[in-house]
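What follows is a short report on a single structure.
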Amino acid sequence: MIVARTKEEIFGPLAALRARGERLALVPTMGYLHEGHLSLVRRAKELADRVAVSIFVNPAQFGPREDFARYPRDLEGDLDKCEKAGVWMVFAPSDPRVMYREDHSTWVDVEGSLTEGLCAASRPGHFRGVATVVLKLFNLFRPDVALFGKKDYQQLAVIRQMVEDLDLSPHLEIVAGETVREPDGLALSSRNAYLSESERRRALSLYRGLSRARERFEKGERSAAVLIEAARAVIEPEVDRLDYLEVVDARSLVPVKRIEAPACMLVAAFVGSTRLIDNVELG
Ligand code: PAF
């Protein structure tokens with residue numbers, strides 16, 4: 001497995017891969033890899049000849065009071081997992097300056113309904129940081145396919161929009177991976193590492209609340225308010241702060257009152273000081 005710590009180290013192997021006419025899949029991550037990431041790698045291997053994984057805790061997507069400094073990191077463990085998973089190359093910039101020169105001043109802003117509500121409301125600038133780093137990774141690797149998890153539902157929508165708007169789509173396919181969960185339902189997230197045992201138990205309410213809403217939806221309930229109330233009753237007593245709990249149109253992410261087209265219920269909540277997100281597709 002090739003481990004690249006600088007941009008320059010990517011280019012030689014990439015040129016050789018292109019010369020061999022091989023297809024490349026990219027799985028962008030911030031590391032501290034779990035089964036969710038590894039399921040994307042496995043899917044990537046089915047879709048391409050070679051899989052590259054980027055591991056970069058991107059400072060540009062963290063707000064000043066967020067957890068950039070303490071975000072969990074374990075490069076050695078991640079490299080081991082990638083090696084075992086059959087990854088071709090890991091790009092793990094040795095320093096944020098590898099990705100952002102001191103005078104970096106170009107940013108990608110996806111505007112409109114996709115970045116007005118939900119996580120964008122409580123994390124200003126977050127999606128600008130995500131879109132910018134993801135476009136930089138696309139430019140560096142020029143992958144044929146890139147994979148992202150559905151747990152970050154809004155991020156996936158923002159990236160799809162950017163890919164369409166900036167005409168990357170003829171050459172690049174975005175593939176979404178299902179959220180991977182613990183046996184009891186907790187969505188896998190690198191941030192679960194912050195949770196104490198009792199917080200972890202309370203965090204499970206997110207999945208339980210969403211599941212309660214989905215059951216009501218499957219029985220025919222179409223009122224967003226009723227579904228939100230069903231989920232809220234489970235989640236709110238268990239979390240320290242409910243950031244949002246909404247039913248939105250699956251494409252535009254605009255809140256809906258009645259579900260008449262594919263929709264998604266999304267939640268973000270603080271358990272202790274850890275902010276967790278989860279979602280469930282409705283229809
Ligand atoms: O989902 C993540 O881990 C990050 O937001 C991403 C897409 C790797 C960009 O830094």
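Since the structure is predicted, the reported quantities are computational estimates derived from the model, not experimental observations. By convention here, the first residue in the shown sequence is residue 1. Hydrogens, waters and symmetry mates play no part in the numbers below; they use all other heavy atoms, side chains included. Both ligands and their constituent atoms are indexed starting at 1 by order of listing.
Residues satisfying the salt bridge (Lys or Arg N to Asp or Glu O under 4.0 Å) test with E116, not counting sequence neighbours, are none. Considering only residues two or more places apart in sequence or on other chains, S190 meets the side chain to side chain contact (heavy atoms under 4.5 Å, CB included) condition with Y32, H34, H37, Y71, P72.
Using a 3.5 Å distance cut-off with no hydrogens or angles, the side chains of D184 and Y207 do not pair a donor with an acceptor. T115 and R128 share no donor-acceptor pair across their side chains, judged by distance under 3.5 Å alone.
Using a 4.0 Å cut-off between heavy atoms, I159 makes no contact with ligand 1 at all.
Of all atoms in ligand 1, listed by their number and element, those nearer than 4.0 Å to a heavy atom of T29 are 8 (C). Close contacts of ligand 1 with P28, meaning ligand atoms under 4.0 Å from a residue heavy atom, involve 8 (C). Residue contact check: V133 has heavy atoms under 4.0 Å from atoms 9 (C), 10 (O) of ligand 1.
Annotation: N58 places no N or O atom under 3.5 Å from an N or O atom of ligand 1; distance criterion only. Residue Q61 has at least one N or O atom closer than 3.5 Å to an N or O atom of ligand 1.
To the nearest 0.5 Å, atom CD of residue E35 and atom CZ of residue R42 are 4.5 Å apart.
Counting protein heavy atoms only, atom 7 (C) of ligand 1 is closest to Q155 NE2, 3.4 Å.
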### Query
Step by step, would you call S169 with R160 a side-chain hydrogen bond (donor to acceptor under 3.5 Å, both in side chains)?
CA-CA 9 Å; S169 53; R160 282 193 195 283; over 6 Å; no
